[in-house]
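Note: hydrogens, waters and symmetry copies are ignored here, and every other heavy atom, side chains too, is used. Lettering follows sequence order; numbering is per chain, from 1.
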Amino acid sequence: MGSAVGKLVAGMLKSEDVLKGLTKPQREAATHIDGPLLVLAGAGSGKTRTITRRVAFMVSCGIPAQNILAITFTNKAAGEMRERIRALLGGAGAQGRGVNVLTFHALGARIVRDYADLLNLPASFTIFDTADQLKLIKQALSDCGLSPENYPPQAIRSAISGAKNKLQTPGLYTTGNTDHFARCVARVYSRYETLLGAAKGVDFDDLLLKVAILLRDNKEIRTQLQDRFQYLLIDEYQDTNHAQFIIAHMLAMDHKNICATGDPDQSIYGWRGANLNNILEFEQFFPNAKVVYLEQNYRSTKNILAAASALIANNIKRKKKDLWTENEQGPLIDIITCRDEAQEAEQIVERVQQAHDQQKIFWGDMAVFYRVNSLSRALEDAFMKAGIPYQVARGTEFYGRKEIRDVIAYMKVVVNVADNVSLERIANVPPRAMTEANLDFIRQAAEQRGVSMLQAMQQLDTTPIPSLTRQGGSGAANLGRIFLALRQWVYGTTPPPAEVTEEPSEADLFQNINVDELMESSEEYNPGVHDEIATETAPAKPRLTMKAILERIYTESGLEAMHTKQRQRDGETDDDPLANVNELINVAAEFDAQNTDGTLDDFLAQITLASDVDRLQDAGGAVTLMTLHAAKGLEFPWVGIVGWEDGLLPHMRALMNGGNETELEEERRLAFVGITRAMKHLLLTNARCRMIRGETQRTIASQFLRELPKETFNHLDLAGEEPLGSRGGSGRSESFRSGWQQRFGGASSGPSSSSGSSSSSSDSSENSGHRFRRGMMVRHAQFGIGRIEHLEKAGNQTRTVVTFNTHGRKTLILEYAHLEPLGS
DNA sequence: TGGAATTGGCTTTTT
DNA sequence: GCCAATTCCA
């Protein structure tokens, strides 16, 4: 059937039309359909354009759209690609809809659900986000008799996440790690898996890990999925981690129709396991791969591009690449040094206003980026004050709110009665006398009986839990009834009686899939299989909309009453729970409009994998504020980037431990990504003083600013005289510009002369005979007063060991530590 | 028992 | 400075 439809479409969609306007290399990439292809696409080189055309070209050649799978990293990217493909296919729109454009995680969720039975999961499993995960880890810690003080849940979480990214099961993890901490992690990991399994939960990493293992160890399934996805396209390949790498390779193993696109210079997710080698060594994994380089930039001015190129050239571990453009030279980059973050924000706002009024740039065409979310606050204040429309993409601004998480938790329990984490979250919201102690009793009883906590609550009249307080008992029974009624209403049936919930052992969860078992259950892969399951539980009823379900849950749970009461008590506040939940209901309505056959678990999966950034998609008409990470893949005519300071733009983390070169290079790539988002106007700012967790600290201009060629920017210093004491003053004011160039000038490396006997610590440390000596007393903004024990030259930097009175011994890099000498 | 008030701890980026 | 966890009070 594929070919018939294909022909039809081919008739409507001319291959030449699809390729019209592509440059030679773009065309080369777009027309290479069979066999491995690597597109190394520099920033702004028209990559998205090329790959969407490529997909259209494939369809025009008669390849059935549903056999094409395009994988992106963010929902936003997926949405945009879907949109653009649809637009290209125009009249053949029906086909366009058939192209699978998904994020890795969404793909994972789909496959895990389709093959849930093979993975020991019910189709109604729920996805646990990072917060759920942390709760479970705390539980696991206490079960293992370890205290969260000595074993920070965060650290354990990221260790487990790292292990999962590398496809290490608890068993494998144990064998590979022998130090004390790792052994504890292994124990917690194992317990965590058990708890997760009992709750029928799957964490973000599982969505990749389970699929990777399934594909790796199960030939049958692999073949099915390879057949289904005969053409693979993976965007941002430089950001893939090991699990994603395995998924890609397993899917492409036989047909080798894999097109990877990306840019090693834009790899910014090393911290969550991305492995740059996946893209660097692509040709070794696929020896016949065709490689196309896209190096002409269509986005930025010559000037911006020159600055970006010079910056990234400082990375050693890098394939050299020359971006060029035929665009105009463009205006100089503006660099403004401000007094503090308030002035910085004012400056940004002022320039934004100017760009809008004088150059007629739309609000929606401007964006401001920062390294960490906390920097948005000052900006927001300033935008608010100036009355300029803006929107902030903050990670958990919306989906992280209590009231939203509460409503979602209710939904999760409706779908997945075993989800103890969500149940515990809302057990006492609104208050039902479900104290910690009562919950403990219920948890214990449930575990003993091998049922979920909700079931234990629902069995209370037949099997009471004696240790519960009277109110606790009735509260629990009440809660049980609420969910009974809700499930009845949603699914039209009472929940299946005491579904088997014996805890699967770790071995069960991770066992390599048994091939014999597979052969038995080797029905044809049916993409609709899940829908069938869903209809089974929801027979012959008019389909409920998510909006209706959500509203019902909101009311029945008692949350609505609680929020209404709150509002009456507090009056209208700017973050009103009622209004926020209404916003969520809007999201549900939106979902209903776009997925006429979507189920509650589809909706839940979508919102747990969604982030706030996704909700901004086409909210034009406002200046966008976001992190540098979130900015990847976007472009704006006008861009501002704040916080160019050591410790912030090369983030502290990268500067610690003697300045880890790998991490520093990732920070540089992040800066590179930021700069290359700009089309015409670029404004970079730093502040002399910045409030960091409640304390005002002096800062040093980012070392990255030094790496920008001086002919590309114009520097303006508004900080004026250096604030107060300690640093001998020396107002640099407008003469700072030359001072700047002396001190930071040019991209050349050598420690640049410097005379300034006094002042800033960067000066002093540049001279080999800096003013710090062993035995000297110093002050550190954070650690207080201490004595220098040791000094040691390490490359361009000086490593120093200081024993602080209150914080003990620390190893610091003199250049970044901002130590203040106090005399000896 | 629930809600308010206070303390302590900690911060990168996101699916 | 903000948030979560803890303590305190009605």
- Message: Counting the atoms with a prime plus P, OP1 and OP2 as sugar-phosphate, which does A:Phe73 contact under 4.0 Å by heavy atoms, base, sugar-phosphate, or nothing?
- Response: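 Touches sugar-phosphate only.
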For [X] and [N], what is the distance between atoms [atom1] and [atom2] respectively, to the nearest whole Å?
X: A:Trp271; N: B:dT13; atom1: CH2; atom2: C1'; answer: 4 Å
X: A:Met691; N: B:dC10; atom1: CE; atom2: C1'; answer: 16 Å
X: A:Glu695; N: C:dG1; atom1: CD; atom2: C1'; answer: 11 Å
X: A:Gln133; N: B:dT14; atom1: CD; atom2: P; answer: 16 Å
X: A:Leu208; N: B:dT15; atom1: CG; atom2: C1'; answer: 8 Å
X: A:Ile641; N: B:dT13; atom1: CD1; atom2: P; answer: 16 Å
X: A:Phe128; N: B:dT15; atom1: CZ; atom2: C1'; answer: 16 Å
X: A:Leu649; N: B:dT13; atom1: CG; atom2: C1'; answer: 12 Å

- Item | Residues, nucleotides or ligands: over 12 heavy atoms within 6.0 Å of A:Lys135 NZ |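 More than 12 heavy atoms, drawn from other residues, nucleotides or ligands, come within 6.0 Å of this atom.
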- Flag, side chain of A:Ser702 to backbone of A:Pro650, donor-acceptor distance under 3.5 Å: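 Side chain of A:Ser702 to backbone of A:Pro650: no pair is present.
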- Query: When you check every protein heavy atom under 4.0 Å of nucleotides 2-10 of chain C, what one-letter string (B, S, -) results, 5' to 3'?
  - Reply: S--S-----
- At what distance, to the nearest 0.5 angstrom, does NZ of A:Lys402 lie from CG of A:Leu559?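 A:Lys402 NZ to A:Leu559 CG: 13.5 Å, rounded to 0.5 Å.
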- Measure the CG-CG distance between A:Leu479 and A:Leu423 for me, rounded to the nearest 0.5 Å.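 Atom-to-atom, A:Leu479:CG and A:Leu423:CG are 5.5 Å apart.
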- Task: Measure up the A:Trp271 and A:Tyr269 rings against each other and bin them: parallel (under 30°), tilted (30 to 60°), perpendicular (over 60°).
- Result: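 It falls in the tilted class, 30° to 60°.
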- Any A:Thr608 side-chain N or O less than 4.0 Å from OP1/OP2 of B:dT15: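 For A:Thr608, the contact criterion (side-chain N or O under 4.0 Å from OP1 or OP2 of B:dT15) is not met.
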- Ignoring backbone atoms, establish whether A:Asn373 has a side-chain N or O less than 4.0 Å from OP1 or OP2 of B:dT13.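 Answer yes for this pair, as a side-chain N or O of A:Asn373 is under 4.0 Å from OP1 or OP2.
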- Determine, for A:Asp132 against A:Arg405, whether the closest basic-nitrogen to carboxylate-oxygen distance falls under 4.0 angstrom.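 Answer for the salt bridge query: yes.
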- Would A:Arg113 and A:Asp602 pass as an ion pair if we require N to O under 4.0 Å?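 A salt bridge links A:Arg113 with A:Asp602.
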Please write out the pairs of protein N or O atoms and N or O atoms of nucleotides 1-9 of chain B separated by less than 3.5 Å, giving the distance to one decimal.
{"from": "B:dT1", "atom 1": "OP1", "to": "A:Thr469", "atom 2": "OG1", "distance (Å)": "3.3"}
{"from": "B:dG2", "atom 1": "OP1", "to": "A:Ala433", "atom 2": "N", "distance (Å)": "2.8"}

- Message: Tell me every residue that passes side chain to side chain donor-acceptor pair (under 3.5 Å) with A:Thr261, counting only those two or more places apart in sequence or in another chain.
- Response: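 Side chain to side chain donor-acceptor pair (under 3.5 Å) check on A:Thr261 returns A:Asp235.
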- Indicate the atoms forming the closest heavy-atom contact of A:Leu208 with A:Ile247, along with that distance.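 Where A:Leu208 meets A:Ile247 most closely, the heavy atoms are O-CD1, 3.6 Å.
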- Message: Looking at the base of B:dT14, is there any donor atom on it, or on the side chain of A:Thr74, that sits under 3.5 Å from an acceptor on the other one?
- Response: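 It does not, because no donor-acceptor pair links the side chain of A:Thr74 to the base of B:dT14 below 3.5 Å.
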- Message: Once hydrogens and angles are ignored, does a donor-acceptor distance under 3.5 Å link the base of B:dT11 to the side chain of A:Arg693?
- Response: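 Between B:dT11 and A:Arg693, which were checked side chain against base, a qualifying N/O pair under 3.5 Å is absent.
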- Query: Under the 5.5 Å and 30° test, is A:Tyr269 stacked on the base of B:dT13?
  - Reply: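 The base of B:dT13 is not stacked with A:Tyr269 (the test needs centres under 5.5 Å and planes under 30°).
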